[in-house]
Enquirer: 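Sending over a structure as structure tokens; questions will come in a sec.
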Amino acid sequence: MTAVAIDGPAGAGKSTVARAVAHRLGYSYLDTGALYRAVALAAIERGVDPTDEAALESVAVDLDVILSDGRVMLNGRDVTDRLRDPDVTRIVSTVAAHPRVRAALLERQRTLARSGDVVMEGRDIGSTVLPDADVKVFLTASETERARRRAEQAGLPTDEASIERLRDEIAARDRADATRDVSPLIHAPDATLVDTSELTVDEVVDRIVDAVRAVERAAS
Ligand code: CDP
């Protein structure tokens with residue numbers, strides 16, 4: 001069983017790259033951000049305050065979520081697009097910073113990873129969730145480039161003022177993710193750093209697929 005961990009800040013291209021790598025290798029693709037976003041959405045729908053750790057822990061423990069083929073089902077309902085709405089994005093880092101929320105989702109993520117060959121994407125996969133992953137990559141890109149990509153992906157305006165606003169939002173979320181006490185967003189020392197600012201998606205995917213094939217060859 002081979003596990004590929006892809007971590008990095010918002011808008012670095014993790015989802016696009018991780019999905020393409022999984023497709024090329026015939027592995028399954030797991031977006032762990034979707035789990036945190038699903039907890040945030042369930043909290044909004046149940047009127048739970050994003051600072052109420054105990055209440056959020058029970059939301060996370062009870063979470064009826066299924067990740068399948070890049071779609072996310074919450075309580076049997078397809079919420080894939082809803083999870084990217086601004087109200088969810090606004091609170092997700094606050095929700096994800098609670099140690100008890102993270103603990104509740106940790107075993108779930110490990111169980112998902114045990115189901116076969118996987119590409120798992122998030123913030124703390126190489127450092128905490130799958131420290132023994134066979135290939136670890138930390139993807140990044142300049143803040144402006146990440147904001148530009150995020151705007152394009154979401155169909156938002158790409159004029160300078162809009163990009164600047166988005167860049168500030170992304171920087172604030174990265175700061176929250178990188179400075180929390182438990183499992184912060186970090187570049188694990190054994191993860192390969194790939195700055196994607198000047199690379200095409202195909203170039204990044206090729207690099208990661210090559211690294212995985214090298215590991216598979218070495219193991220066979
Ligand atoms: O796709 P995007 O980069 O906007 O974010 P995401 O992967 O959907 O993750 C949303 C948020 O969930 C992050 O900003 C983190 O606060 C949290 N998260 C986390 O704490 N740990 C993970 N392994 C994945 C996401």
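Just so we're clear, the structure is a prediction, and the values are computed from it rather than from any experiment. Worth knowing before you read on, the calculation uses all heavy atoms, side chains too, and leaves out hydrogens, waters and symmetry mates. In each ligand, atom 1 is the first atom listed, and ligand 1 is the first ligand listed.
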Enquirer: Indicate, as side chain, backbone, both or neither, the part of M120 found under 4.0 angstrom from ligand 1 when only non-hydrogen atoms are considered.
Expert: neither
Enquirer: Under 4.0 Å from a heavy atom of G33: give me the atoms of ligand 1 that qualify, with their elements.
Expert: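 Ligand 1 atoms under the 4.0 Å threshold to G33: 6 (P), 7 (O), 8 (O), 9 (O), 24 (C), 25 (C).
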Enquirer: Name the residue from T32, V61, V39 that meets the side-chain contact (heavy atoms from CB on, under 4.5 Å) definition with L105.
Expert: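 That would be V39.
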Enquirer: I'd like to know if E145 and R149 make a salt bridge, using a cut-off of under 4.0 Å between side-chain N and carboxylate O.
Expert: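 Counted as a salt bridge, because a side-chain N and a carboxylate O are separated by less than 4.0 Å.
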Enquirer: At what distance is the nearest protein heavy atom to atom 23 (N) of ligand 1, and which residue and atom is it?
Expert: D124 OD1, 2.9 Å
Enquirer: Can you sort out which atoms of ligand 1 are near G122, meaning under 4.0 Å from one of its heavy atoms?
Expert: 23 (N), 24 (C)
Enquirer: Does a salt bridge link D31 with R37, judged by any charged N lying under 4.0 Å from a carboxylate O?
Expert: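 The answer is no: the pair does not qualify as a salt bridge.
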Enquirer: Look at D177 together with R180 and state whether they make a salt bridge at an N to O cut-off of under 4.0 Å.
Expert: yes
Enquirer: Could R82 and D85 be called an ion pair, given the rule that one side-chain N must be under 4.0 Å from one carboxylate O?
Expert: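 D85 and R82: salt-bridged.
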Enquirer: Which ligand 1 atoms does R173 reach within 4.0 Å, using its non-hydrogen atoms?
Expert: 2 (P), 4 (O), 5 (O), 10 (C), 11 (C), 13 (C), 14 (O)
Enquirer: Check each atom of ligand 1 against the heavy atoms of R150 and keep those under 4.0 Å away; list them by number with element.
Expert: 1 (O), 2 (P), 3 (O), 4 (O)
Enquirer: Which ligand 1 atoms are under 4.0 Å away from a heavy-atom of A96?
Expert: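 Close to A96: 16 (O), 17 (C), 20 (O).
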Enquirer: Can you list the atoms of ligand 1 that are under 4.0 Å from a heavy atom of D177?
Expert: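 Reading through ligand 1 atom by atom, the close ones are 13 (C), 14 (O), 15 (C), 16 (O).
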Enquirer: Note the single closest protein heavy atom to atom 24 (C) of ligand 1, along with its residue, its atom name and the distance in Å.
Expert: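 Going atom by atom, the protein heavy atom closest to atom 24 (C) of ligand 1 ends up being T32 OG1, 3.4 Å.
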Enquirer: Is ligand 1 under 4.0 Å from a heavy atom in the side chain of R84, in the backbone, in both, or in neither?
Expert: side chain
Enquirer: Taking atom CD as the centre, does E107 end up with more than 12 heavy-atom neighbours from other residues, nucleotides or ligands that are less than 6.0 angstrom away?
Expert: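 Atom CD in E107 is crowded, with more than 12 foreign heavy atoms closer than 6.0 Å.
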Enquirer: As an exercise, identify every atom of ligand 1 less than 4.0 angstrom from a heavy atom of A10.
Expert: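 Ligand 1 atoms under the 4.0 Å threshold to A10: 3 (O).
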Enquirer: Counting non-hydrogen protein atoms only, what is the nearest one to atom 8 (O) of ligand 1? Give residue, atom name and distance.
Expert: R37 NE, 2.6 Å
Enquirer: Do NZ/NE/NH1/NH2 and the carboxylate oxygens of R123 and D7 come within less than 4.0 Å?
Expert: no
Enquirer: Need the ligand 1 atom indices (1-based, order shown) with element for anything under 4.0 Å from a heavy-atom of G11.
Expert: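 Counting atoms of ligand 1 from 1, those under 4.0 Å from G11 are 3 (O).
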Enquirer: Are any of the side-chain nitrogens in D206 or R24 under 4.0 Å away from the carboxylate oxygens of its partner?
Expert: yes
Enquirer: To which of R123, R102, K14 does the heavy atom nearest atom 7 (O) of ligand 1 belong?
Expert: R123
Enquirer: Taking NZ, NE, NH1 and NH2 as the nitrogens, is one of them in E169 or R173 under 4.0 Å from a carboxylate oxygen of the other?
Expert: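 Answer for the salt bridge query: no.
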